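For reference, the structure discussed in these notes is given below.
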Amino acid sequence: MRNSKPTKPKGTRDFGPAQMAKRMYLLDIIRQTFRKYGFLPLETPAMENLSVLTGKYGDEGDQLLFKILNSGNYLSKVEGDPVTYDAQSLLPKIAEKGLRYDLTVPFARYVVMNRNEITFPFKRFQIQPVWRADRPQKGRYREFLQCDADVIGTKSLLCEAEIIMMLNEIFARLGLEGYEIAINNRKFLTGLSAYLGQPNRENDLCVAIDKLDKIGQENVYQELTTKGFSPEALTRLSPVLAVSGTNEEKLQALTAVFSGTPEALTGLNEVQELLGLVKGMEGNLATVNFDPSLARGLSYYTGIIFEVRMLDGSIGSICGGGRYDDLTGIFGLPDMPGTGISLGIDRIYDVMEARALFPEQVSGSTSAMVVNFGDENLAFALAAIARLRKAGISSELYPDKAKMKKQLTYANRNNIPLVIIAGAEEVGANKVTIKNMLTGAQTTIAAGNLIATVNAMLEKN
RNA sequence: GUGGUUGUAGUUCAGUUGGUUAGAACGCCUGAUUGUGGUUCAGGAGGUCGUGGGUUCGAGUCCCAUCUUCCACCCCA
């Protein structure tokens, strides 16, 4: 018999109390802001049927789905020898469920299944973990928490404008600076593709130009050439990639170039209109950057798309999203336009940690500990802890009659600021001693003044 | 999925061309202080060197496999 050391699956993390305090601080701000903008909470199961998940994220996405083996004798439905199957044809026979890959598709499923109960437009937010069988890397995990806010059932650009307002508000409250909200429009990209003489090739086009910041123009052109884009197309593309200046200047310049391409113009006009709406709501436009090379991979986007990134490039995008005008169509409910965003709180956490942006007092420790002297003070200690809790003071009684040294060490390690000491000496005189662990000072007071004194001392800290 | 990288006490890391009993710092435990933590001092525990094979008289050190870590690509939060 040999004990093996326990391990944790690749790309997963534990969050101890110290990390949780910070995560909850972050989540509280996001949750409050979502609610402030009228979004309602929703949760869906960790697992979905594979029929719901597959085919929504492209071939690459399907590869990254975690599949759940059927219960029981899962090989019984396989005809013949399983070894003769390839993975793709064997899969549907042995697995019919998978872990969710994002929150948008489960949301679409929910909307379709509950279309008669939902009042549209429907605004919901959802904060739950998602799983991807990706190879872990910096800021990239196999299990991570997404914070989504979506509006479904309206084509109004006001939704996009509110998303920008909301993002700015969240980052302002977190004290996070040095980010940009990049925006673009899929319609513009579709028009661009046509303009280049390669209609319906916007996917390949997007994948390539999305990398502009990273690999430079030359490499983008090389990639496009290998994908069959002609030299003429690249010549027509270059003024688009080279466009610079303020958002207004970029829009103006591109509007002139695309005067003969209606779809691209529609896209540009929407961007223009969106910026106007944000301005009208007194939003901060300094963080908003119209980036005609922003593409985003997920194929369901059809309108304005977003991406939030740190200007120092320290980490991948911390938020992504966009408009999808027909997400529920694949589930048999057409004409259900929507738009939404997803915040990656694991990455935001990493950035905030690196910049020491978490406030000191997020630790959320217990306020007071009562020292356990055993029978000597059991009755008194029980009454004291009850009174403290009735008064709303987070407190605990050390569970064992241990040495005072050990009990104080415990309080110290857990950042408990006040320790209540009442042994035979104090109990006999109907008094208690309160020790302030920060200063080391301690006072002995009448037992009846315990709550008032503790409150006063906590107030001061 | 492709290419690379990493693994030695709880943690961060040393460990010479392969050579006795694998080290340090911090942390942890005990005591100085039988009712006082955080500072100080004294002492102590803790490692089949990621795992499994191989080469060798001899492997933490070399080779293979596997897992893990981190990174780039793909893609993405």
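Chain letters run A, B, ... following the sequence lines, proteins first and then strands; every chain starts at 1. Everything numeric here is computed off the predicted structure, so don't read it as measured data.
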Which value, in whole Å, describes the distance between the [atom1] atoms of nucleotides [N] and [M]?
{"N": "B/U6", "M": "B/C26", "atom1": "C1'", "answer": "23 Å"}
{"N": "B/U68", "M": "B/G1", "atom1": "P", "answer": "11 Å"}
{"N": "B/U55", "M": "B/C67", "atom1": "C1'", "answer": "23 Å"}
{"N": "B/A59", "M": "B/U8", "atom1": "C1'", "answer": "14 Å"}
{"N": "B/G58", "M": "B/U2", "atom1": "C1'", "answer": "40 Å"}
{"N": "B/A24", "M": "B/A65", "atom1": "C1'", "answer": "34 Å"}
{"N": "B/C41", "M": "B/G35", "atom1": "P", "answer": "26 Å"}
{"N": "B/A22", "M": "B/U61", "atom1": "C1'", "answer": "12 Å"}

Any side-chain N or O of [X] less than 4.0 Å from the OP1 or OP2 oxygen of [N]?
{"X": "A/Lys8", "N": "B/U68", "result": "no"}
{"X": "A/Lys403", "N": "B/G37", "result": "no"}
{"X": "A/Gln137", "N": "B/A72", "result": "yes"}
{"X": "A/Lys405", "N": "B/U36", "result": "no"}

NA contact type, [X], heavy-atom cut-off 4.0 Å: base, sugar-phosphate, or nothing?
{"X": "A/Lys401", "result": "nothing"}
{"X": "A/Ile421", "result": "base"}
{"X": "A/Gly11", "result": "sugar-phosphate"}
{"X": "A/Gly61", "result": "nothing"}
{"X": "A/Tyr141", "result": "base"}
{"X": "A/Cys147", "result": "nothing"}

Nearest-nucleotide comparison on RNA chain B, the residue closer to the 5′ end among A/Gly320 and A/Glu376: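 By nearest-heavy-atom nucleotide position, the 5'-most residue is A/Glu376.
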(message) Taking the ring of A/Tyr221 and the ring of A/Phe229, is the distance between their centroids below 6.0 Å?
(response) no
Side-chain donor/acceptor of A/Asn412 to base of B/G37, under 3.5 Å:
yes
Check your understanding: Does any N or O donor sit under 3.5 Å from an N or O acceptor when you compare the side chain of A/Lys435 with the base of B/U36?
Key -> yes
Ordered by number, residues from residues 440-454 of chain A within less than 4.0 Å of RNA chain B (heavy atoms) are A/Gly440, A/Gln442
Given B/A77, B/G35, B/U69, identify the nucleotide with an atom nearest to the side chain of A/Met404.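 So the side chain of A/Met404 is nearest to B/G35.
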Evaluate whether the aromatic ring of A/Phe144 and the six-membered ring of the B/A77 base sit under 5.5 Å apart, centre to centre, with an inclination under 30°. yes
Query raised in the report: Starting at CZ of A/Arg135 and ending at P of B/U2, how long is that distance when rounded to a whole Å?
Result: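 One finds 7 Å between P of B/U2 and CZ of A/Arg135, rounded.
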Interatomic distance, CD1@A/Ile170 vs CD1@A/Ile345, rounded to 0.5 Å, equals 11.5 Å
